[in-house]
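Working notes, structure below.
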Number of protein chains: 2
Amino acid sequence: MVMVISSIEGRTELDRATLERRSSTQLGTTFQICQDECMATETGDTRRRTDALSRKRIVDAAVELLDAAGEGGLTFRALAAHLKTGPGAIYWHVANKDELLTAATDAVLTHATAADVAEDTPEEAIRAVALGVFDAVDAHPWAGTQLSGAPSQPTMLRIFERLGRQIQALSVPTAAQFTAAAALWNYILGVGRQNAANARAHEPGTDRTAALATASAEWANLDPIEYPFTRTVADQLRDHDDREEFLAGINLILGGISSLALPVVDGPTRT
Amino acid sequence: MVMVISSIEGRTELDRATLERRSSTQLGTTFQICQDECMATETGDTRRRTDALSRKRIVDAAVELLDAAGEGGLTFRALAAHLKTGPGAIYWHVANKDELLTAATDAVLTHATAADVAEDTPEEAIRAVALGVFDAVDAHPWAGTQLSGAPSQPTMLRIFERLGRQIQALSVPTAAQFTAAAALWNYILGVGRQNAANARAHEPGTDRTAALATASAEWANLDPIEYPFTRTVADQLRDHDDREEFLAGINLILGGISSLALPVVDGPTRT
DNA sequence: ACCTGAACACCGTTCAAGT
DNA sequence: ACCTGAACACCGTTCAAGT
């Protein structure tokens, strides 16, 4: 209390004054993405306190824990241990667990929505967006569960926007554009959550092929009177590829959307 | 221990012997659905012990709690209080909370899959099944979250089977039947979970209309450069009806499926 | 400003003990 | 066979106290 706090004591007053400005200006210009280690490089002399907490480091650690141990693996205590602090420290940077999960999902989905490479056709662009989400959830199954548990607007909106632009490019009439984009949107998120549920249902160890084989065998043994259809597609259940089926579903919706399209303006007019 | 257990003591030996058979035979024939109060009516004399625990009473109470207080409202302690017992008693009839949630979801979805009324067209039959699931989730939002967290096979399979039969009726080639049924299936479950998420996001009090108006206003104020599409459909977001949009999505998929259909066999053959 | 860690309220689940 | 309820292990979250 009464002790002099050594070397940093001399800078204290100056720091107090600049602390407020930091997050809004200097941090933003020098490091767009990292809000983190900037703190250490600010005066330019030392690198100490690279281990300081920050929202980014917390979210990154959360993603690590979720990837490693699944949805049940993310705990404020485990996270605190991983970051070598107490659980209370995390609450200074993150409001609660919900916000943490949302931020983690956001981090994982951001890359899926990052590049806007020009595709040959609107259909291909839609498939690219859809597969981006699919693959992100495939790599991080826990993110699928969180999908629209309310991932923060920007990331989700960016995906929706990208789908919608292609819908416009497909010459869908204005009145039907929302419907078309929403249908794709619902399907994409739906499959994402479904895959998350599948991943959660089986142990992290068991692979998909074995699970499908088991389910397929069950379907093949169903009562022929009650389940005539399901029995006949038992083989297709066993042999199907999740990603391909997902794409096939996208194509079915695109097929339906194409019948909504207006005739091309500069083409020959039918009467 | 040493005390005589009064009137029921005389029947004990006989009951022991029949107890095993009961659940497999007598119960099944007399009461197909209720596994519950049968216990009281078995000897035909008294109605006492109607308040005895049973899997059905527990699941019913769980549905009540979930409907009344949402997903957070279901607690073994709250459930036990509701049933006037201790939490431990429930575990005699139900393995764990997951099984309880699955059973509750199953109970709520069963009615949606119950009647198999003959519809005019396969398309209408598919719409009927889809709306059955939609309305069930609409009435019990918590059930949407559980959808294929692994609802027990019978209920889910029955829905899948019903969709598949109509796919067959639409003359979809065998090789594409699984894909077509799975796409509908994924879309239906996807929207169900989405609705559950929507319901969870907003307070039980706030109505949908107000929430849509707020979101619509946000969309309308988005940056025109970054979100040209989303801005233009802000009005459609405000005015749309969830149920109609859901149906429109089903119709888009049906449109895509129709293009897979084989030409009708007894019709004129095209060359 | 930011971190620490004990403490609070509350879970799901178990289990010896009862009837 | 079925029920009781205290107890266990573990959460998310808070908050006075530190630096």
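Residue numbering restarts at 1 for every chain, and letters A, B, ... go by the order of the sequence lines. This one's a predicted model, so the numbers in the text were calculated from it and none came from an experiment.
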Among [options], the one nearest [X] by side-chain distance:
X      : options                  : answer
L53(B) : dC3(D), dT13(D), dA1(C)  : dC3(D)
F76(B) : dG12(D), dC3(C), dG12(C) : dG12(C)
P87(A) : dG5(C), dA6(D), dG12(C)  : dG5(C)

For W92(A) and dC2(C), is the shortest distance between a side-chain N/O and OP1 or OP2 below 4.0 Å?
yes
Could you work out, with side chain to side chain contact (heavy atoms under 4.5 Å, CB included) as the rule, every residue matching [X], not counting sequence neighbours?
X       : result
N96(B)  : D98(B), E99(B)
R243(A) : L131(A), F134(A), D135(A), D241(A)
A78(A)  : L65(A), T75(A)

Integer-rounded Å distance: [N] [atom2] and [X] [atom1]:
X       : N       : atom1 : atom2 : result
Y91(A)  : dC2(C)  : OH    : P     : 19 Å
R77(A)  : dC11(C) : CZ    : P     : 16 Å
L83(A)  : dC2(C)  : CG    : C1'   : 14 Å
K84(A)  : dC2(C)  : NZ    : P     : 21 Å
L101(B) : dT13(C) : CG    : C1'   : 15 Å
H93(A)  : dT13(D) : NE2   : C1'   : 16 Å
K97(A)  : dC10(C) : NZ    : P     : 18 Å
E99(A)  : dG12(D) : CD    : P     : 15 Å

Looking across every strand, which nucleic acid part, if any, lies under 4.0 Å from L74(A) by heavy atom: base, sugar-phosphate, or nothing?
sugar-phosphate
Across the strands shown, which category fits I90(B) at heavy-atom distances under 4.0 angstrom: base, sugar-phosphate, nothing?
nothing
Ring centroid separation Y91(A) to F76(A) under 6.0 Å:
yes
For DNA chain C, whose closest nucleotide is more 5', that of G72(B) or that of A95(B)?
G72(B)
Sequence-distant partners of W185(B), side-chain hydrogen bond (donor to acceptor under 3.5 Å, both in side chains), two or more places apart
none
Taking only residues two or more places apart in sequence or in another chain, which ones pass side-chain hydrogen bond (donor to acceptor under 3.5 Å, both in side chains) with D60(B)?
K56(B)
Between T75(A) and A89(A), just flag the one whose closest nucleotide in DNA chain D comes earlier from the 5' side.
T75(A)
For DNA chain C, what is the dot-bracket line, given that a base pair needs Watson-Crick (N1 to N3, plus N6-O4 or O6-N4) or G-U wobble (N1-O2 and O6-N3) geometry with both distances under 3.5 Å, and | means paired with another strand?
||.|||||...|||||.||
How far apart are the closest heavy atoms of A196(A) and P141(A), and which atoms are they?
CB-O, 3.2 Å
